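Working notes, structure below.
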Amino acid sequence: MPQQNPKFLEKKWQERWANAGSFTASQDKSKPKYYVLEMFPYPSGRIHMGHVRNYTLGDVLARFYRAKGYNVLHPMGWDAFGLPAENAAIERGEHPARWTKQNITSMRNQLKSMGLSYDWDREFATCEPSYYQHEQLMFLKFLEKGLAYRKESWVNWDPEENTVLANEQVVDGRGWRSGAVVERRRLSQWFLKITKYADDLLASIDKLDKWPDRVRLMQHNWIGKSEGARVKFKLIEPLGATDATPRGHIEVFTTRPDTLFGASFIAVAANHPLATAFADTNKEAANFIAECAKLGTSEAAVETAEKRGFDTGLSVEHPLLHGKELPVHIANFVLMEYGTGAIFGCPAHDQRDLDFANAYNLPVTPVVLPTDKDASNFTITDEAYTGPGKLINSGDWNGLDIEAGKQAAIEALEAIGAGNRETTFRLRDWGVSRQRYWGCPIPIIYCDDCGTVPVPAADLPVTLPEDVDFSTPGNPLASHPTWKHTTCPCCGKAAIREQDTFDTFFESSWYFLRFADPKSIHGFSRKEAEYWMPIDQYIGGVEHAVLHLLYSRFFTRALSEVDYLDLAEPFAGLMTQGMVCHQTFQDKNGRWLFPSEVRQEGKSWRNIETGDNVTAGRIEKMSKSKRNVVDPEIIIESYGADTARLFMLSDSPPERDMEWTESGVEGASRFLKRVHRMANDSSLPAIGTPQPTHGDGIELIRSAHKAIYNLSKDIEGFRFNRAVAQLHTLANAITDTKSTSPTVSAARRFAIETLVQLISPLAPHIAEEMWEVLGHRTMLCDSKWPKADESLIADNIVEVGIQVNGKLRDTISLTRDCPKQEAEDAALASPTILRYLENQTPKRVIVVPNRIINVVV
RNA sequence: GCGGGCGUGGCGGAAUUGGUAGACGCGCUGGUUUUAGGUACCAGUGGCGAAAGUCGUGGGGGUUCAAGUCCCUCCGCCCGCACCA
C-alpha cells in the first residue's frame with residue numbers, strides 16, 4: 001500500500017477543487033440557499049488554533065449542506081483596518097497597507113492549506129477603497145436620515161492608543177485592547193443613532209431562537225431597558241441665597257415611582273451640573289467631588305461597600321406631600337451616565353439608599369408592606385424590602401399593589417406637571433470617530449462659511465494618503481501636510497477635511513452583505529442581498545456577543561431605512577465556539593515554555609534542550625503570553641489538515657472549551673490512516689457492485705445506514721463530537737466483519753463507500769483520495785449526500801432490561817414492538833428474575849416497549 | 001450583589017429528554033507481529049469483591065414502579081453584568 005503523504009495528497013485535492021471551481025456559489029436561485037459565515041479575521045499574519053477551530057466548524061456545515069443539495073454561500077475575507085498595522089508602521093517603519101497586504105497573502109495561504117470550501121472569488125479586504133467607499137456613502141445616507149450626527153461629548157480616551165473608545169470598548173475603566181486606564185476628554189465626535197432602534201433591538205432578541213441563550217441575555221442586559229418616571233423636584237430657595245445658589249428643579253429618574261411617599265432624600269452624581277455649580281462656591285464640596293473622581297471606576301470593587309455623600313444643605317419640595325422637604329446630597333453611588341444623574345432615595349425599598357440613609361441618619365419610611373407582615377409593627381433596619389406587597393403610608397395609594405401604585409404615581413405626577421412616564425436605556429449612541437490613520441476616512445468637510453458639509457457622493461471615495469509619517473505622535477492624518485486641505489463643495493473656498501476615521505466595527509457591520517454581491521458598484525445589490533440573507537449560520541467567538549453582533553443588527557436596520565434592503569436581523573443562526581486551550585509549562589525560574597520545548601517522561605516533564613524539570617501548570621486558553629500555543633502550520637505540515645480538522649471536532653462540543661493535546665492529534669491521525677487502509681483493500685469487489693439486501697452482509701449494511709442517519713442528525717445539531725463517534729462506530733463495524741463471502745464483501749464495499757462519504761465534510765482531502773481509490777471518476781465533493789434507509793435502522797431484535805423493584809437484574813432479547821403481555825411473560829420466565837422474586841407474586845409489572853420491564857414486588 | 005451555566009471513570013465526553021449510566025475516543029494493562037522501539041492487530045479496562053454480588057453521575061433530602069435527568073437544600077467551579085435608580 002502506498003504510504004500517502006498528507007501534504008502531497010492535500011495539495012492535490014486543493015488544486016483540483018480550485019481548478020474545478022467546486023465551491024463557487026451558484027447563480028441558480030431555484031435551489032434552497034444556505035449562507036454559512038465564520039467571523040472574518042483580522043490579518044495579523046498567521047492563523048492560530050482559534051481560527052482553525054472556527055473555520056473547521058463552518059466548513060463542515062458548508063460541505064454538508066452543499067452535498068445535501070443546497071446552494072451554499074461560504075465566503076472569506078479580511079477585516080483589514082485596525083491598530084496593529086499602525087503599530088507595525090511605528091515599530092518597523094513598514095507602511096500599514098503593505099504590512100496588511102503581506103499578512104493577507106500569508107494568511108490566505110495558510111487558510112488554503114486547510115482545505116476550506118470557500119468561494120475565494122468573493123474575497124475582499126475592508127481596507128480597499130472599493131470596499132470602504134460604500135460605507136462612506138452609507139454614512140452620508142445615514143446623515144441625511146438623522147441616523148448619524150455630530151456632537152461634543154465626553155469621551156473615553158485611551159492614552160496608549162491615542163484614540164477614543166466606545167463605552168463598549170472600555171472594560172473596568174481600561175481600554176479593551178491596550179489595557180491602559182481610560183481618561184475622560186471632551187471632543188466633537190460622530191455618532192450613529194443606535195438608540196433609535198433600542199426597543200426593536202431588544203424586542204427582536206426573542207425571535208433569535210437559533211442564538212445561544214447567554215448571548216441573547218448579554219444583549220438584553222446591554223440594552224438595559226428600564227421603565228419608570230421622570231420626576232421634577234423644585235429646589236427651595238434657602239435663606240441668604242446668593243446669585244450662585246442653584247435654582248429651579250432637580251430631575252430624577254426612577255423605576256419605582258410607587259415609592260415616592262417613602263422618599264427621604266435626593267442624591268445627585270458628583271459630576272452632576274448642580275454638584276459642579278455648588279462646588280464653585282464650596283470648597284468642601286469640591287474636595288468631596290474630587291475624591292469621588294479619584295476613586296473612579298477602577299477600584300469600584302473595593303469601594304462598593306461604602307456609600308458616601310455630601311450634604312449640600314439645599315432641599316427640595318416633595319411634589320405630592322405638601323410641606324415635606326427633602327435634603328439634597330451629592331453621593332458617590334449615583335452615576336451621571338445613567339438616567340438623569342440624580343435619584344430620590346427611598347431607603348426602605350432600595351439597599352443602596354438604605355445604606356446611605358443609615359450612614360447619614362436619614363429617615364426610613366416603609367411604603368410597601370409584604371403580604372405576610374403587619375403594618376403596625378413593620379420596620380426596616382438593615383435590609384431593604386424589594387419584594388411584592390401593598391402600598392402603605394402613601395395617602396390615596398394605600399392598598400394598591402406595586403404595579404397599580406406606579407400607574408397611580410405617574411398619573412398624579414403628570415396631572416400636576418411634576419413628572420411623566422419615561423423609559424431609559426443603558427444603551428448609548430455609537431461613537432464612531434477614531435483618531436487613527438488606518439481606518440475608513442469619514443467623508444466630511446468643514447468649511448468656515450458653510451459649516452459641516454458632506455463630501456458629495458460623486459467625489460467618493462475619500463481615500464487615505466499613502467505618504468504618511470508615523471514618527472510624530474497622534475493622528476497621522478491630522479499631521480499630514482496637504483491631505484486635509486481641500487475646497488468646500490458648497491462655496492468652493494478652502495476647507496478642511498474631517499481627519500478622524502471610522503471605528504473598525506463599522507466595516508464588520510456590513511461585510512456579510514458585501515459577500516452576497518462582492519463586485520457590485522453599489523456595495524451590494526438588493527436582489528443578491530435579499531436572496532442570500534439572512535445568514536443561516538454565523539460562527540465565531542463569544543467575545544463579540546455584544547459589540548459586533550449588536551452593531552450589525554443595528555446596521556441592517558439602518559440600511560433598510562435608507563433603502564439598501566429590507567431586513568432587520570442579519571444572523572438567523574449563531575454559534576459561539578469555545579476556546580482552544582492547552583496545558584501551560586514553566587521552568588524553575590517561572591519562565592513560560594512552549595509545548596514544543598518540553599517532553600513528557602513518565603509523570604514528569606522535562607525541557608528537551610536542558611533536561612531540566614518543568615512544572616506542568618493549568619490548562620488555559622492558548623495565549624502568546626503563556627506560550628501554551630501550538631502553531632497550526634506545524635500541525636498541518638506534520639499531520640495534515642484533515643487530522644487537525646478531525647481532532648478539532650472530535651472530543652468537545654463546539655460551544656465548549658477544548659483542550660489541544662498531542663495524543664488527541666495522534667488519535668485523529670491514526671483513525672484517518674486506518675480508514676485509508678480500508679479503502680485500499682484490494683479484495684473489495686468492483687465499483688458498482690450492488691449493495692446486498694439480505695444475507696450475511698445485512699448487519700453491516702444496517703450499520704452503514706445507522707451511521708448515515710445518526711451522523712446527519714449530529715451535524716444538523718452541531719454535535720460534531722458525536723458525529724466523529726459515529727464514524728468510529730461504523731469503522732469498527734467494518735473491521736469486526738471478518739467474512740469474505742461475496743455478499744459480505746459487497747456489503748463491505750458499501751459500508752466503506754458510506755464511511756468515506758460521511759468523513760468528507762470533516763476530513764475532505766483524504767475522503768476525496770479514498771473515493772478515487774475506490775474507483776470513482778467524479779469528485780466526492782460533487783456527489784450527493786447518502787440517504788439513510790430508515791427501514792434498516794431499527795433492529796428487529798431489541799435487548800430489554802428487566803428490573804426488580806427498579807434495580808436491573810437481567811436483560812432479554814425481544815422482537816421489536818412485541819405485545820406488552822409477551823414481554824411481561826418473557827420477563828417473568830427469566831430464571832434470574834424468578835430467583836429474585838422468591839416465589840412472591842409481582843404486585844405490578846411495568847412494560848416500557850423496547851426499553852425496560854420493571855417488576856414490582 | 002444580580003443573572004446564567006456547569007459538576008458523570010485516570011482524562012475528553014455520551015446517555016433517544018424520566019426507562020439497561022459510562023457510546024466514541026485518549027490513557028492504561030496483557031497478548032500477537034517485529035532484532036528492538038514505534039506502527040498495526042487482538043483482548044481487557046467505573047470502584048470494591050475470588051465469586052455471587054454490591055456500591056456508583058459534587059454532598060444531603062424528596063417525588064416516582066423507575067432519577068445523571070424533576071423538586072428542595074448545601075458545596076465547588078466557570079461566565080456575563082454591576083452602585084443601572
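Numbers restart at 1 for each chain; the letters A, B, ... are given by sequence-line order, proteins then strands. Just so we're clear, the structure is a prediction, and the values are computed from it rather than from any experiment.
Residue Arg851(A) is classed as a base contact, given a heavy-atom separation below 4.0 Å to a base.
Classified by its glycosidic torsion, G9(B) falls in the syn category, the angle being within 90° of 0.
Checking Asp714(A) against Gln726(A) by side-chain atom types alone, a donor-acceptor pair falls below 3.5 Å. With hydrogens and angles left out, the side-chain atoms of Thr195(A) and Asp429(A) include a donor and acceptor closer than 3.5 Å.
As a whole-Å value, the separation of Asn221(A) CG from C81(B) C1' is 6 Å. We find that CG of Asn332(A) is positioned 17 Å from P of A85(B), with the value rounded to whole Å. The separation between Met218(A) atom CE and C81(B) atom P is 5 Å, rounded to whole Å. Per the geometry, CD belonging to Glu799(A) stands 16 Å off P belonging to A23(B), to the nearest Å. Leu672(A) has its CG atom 18 Å from the P atom of C24(B), to the nearest Å.
The side chain of His728(A) has C24(B) as its nearest neighbour among G3(B), C24(B), A66(B). Taking every side-chain heavy atom of Gln803(A) into account, G19(B) is the closest of G13(B), G19(B), C84(B). Side-chain proximity of Ser652(A) to the nucleotides A85(B), G13(B), A21(B) is greatest for G13(B). The side chain of Arg214(A) sits closest to C79(B) out of G12(B), C79(B), G19(B). Candidate nucleotides G19(B), A85(B), C83(B) were compared by shortest atom distance to the side chain of Asn854(A), and G19(B) ranks first. Across G13(B), G4(B), G80(B), the shortest atom-to-atom separation from the side chain of Arg656(A) is found for G13(B). Closest to the Ala725(A) side chain, of the nucleotides A66(B), G27(B), A23(B), is A23(B). When each of C24(B), C83(B), C81(B) is scored by its nearest atom to the side-chain atoms of Arg426(A), the top-ranked nucleotide is C81(B). Of the candidates G25(B), C65(B), G13(B), G25(B) carries the atom nearest the Asn732(A) side chain, counting heavy atoms from C-beta on. Closest to the side chain of Tyr338(A), from the set G80(B), A85(B), C83(B), is A85(B).
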Side chain to side chain donor-acceptor pair (under 3.5 Å) assessment of Asn732(A) paired with Arg674(A)
CA-CA 10 Å; Asn732(A) 291 345; Arg674(A) 181 175 156 219; 2.9 Å; yes
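Going from the P atom of C78(B) to that of U8(B) covers 15 Å, rounded to whole Å. On the P atoms, C11(B) is 29 Å away from U17(B), given to the nearest whole Å. Annotation: G37(B) and U29(B) have their P atoms spaced 14 Å apart (nearest Å). Between G61(B) and G56(B), the distance separating the two P atoms is 11 Å to the nearest Å.
Counting heavy atoms from C-beta on, the side chains of His329(A) and Leu362(A) come closer than 4.5 Å. Considering only heavy atoms from C-beta on, Thr340(A) comes within 4.5 Å of Arg230(A) through its side chain. Counting heavy atoms from C-beta outward, Arg553(A) and Ile205(A) have side chains that approach closer than 4.5 Å. No side-chain heavy atom of Arg256(A) sits under 4.5 Å from any side-chain heavy atom of Asp350(A).
With hydrogens and angles ignored, no donor-acceptor pair under 3.5 angstrom links the side chain of Lys843(A) to the base of C65(B).
Within 6.0 Å of atom OH in Tyr338(A), more than 12 heavy atoms from other residues, nucleotides or ligands are found, so the atom counts as buried in its surroundings.
An OP1 or OP2 oxygen of A14(B) is reached within less than 4.0 angstrom by a side-chain nitrogen or oxygen of Asn721(A).
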Classify every nucleotide of nucleotides 41-54 of chain B by which part a protein heavy atom approaches to under 4.0 Å, writing B for the base, S for the sugar-phosphate alone and - for neither, in 5'-to-3' order.
SS----------SS
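Among the duplex regions that RNA chain B forms, those built from at least three successive Watson-Crick or G-U pairs under 3.5 Å are B:1-7 with B:75-81, B:10-12 with B:24-26, B:27-32 with B:40-45, B:46-48 with B:53-55, B:58-62 with B:70-74, ordered by first number.
Salt bridge annotation for Arg352(A)-Asp355(A): absent, with no cationic side-chain nitrogen under 4.0 angstrom from a carboxylate oxygen. Electrostatic pairing of Arg816(A) and Asp795(A) does not count as a salt bridge here, judged by no charged N lying under 4.0 Å from a carboxylate O.
Taking the six-membered ring where the residue is Trp, the centroids of Tyr639(A) and Phe647(A) are separated by 6.0 Å or more.
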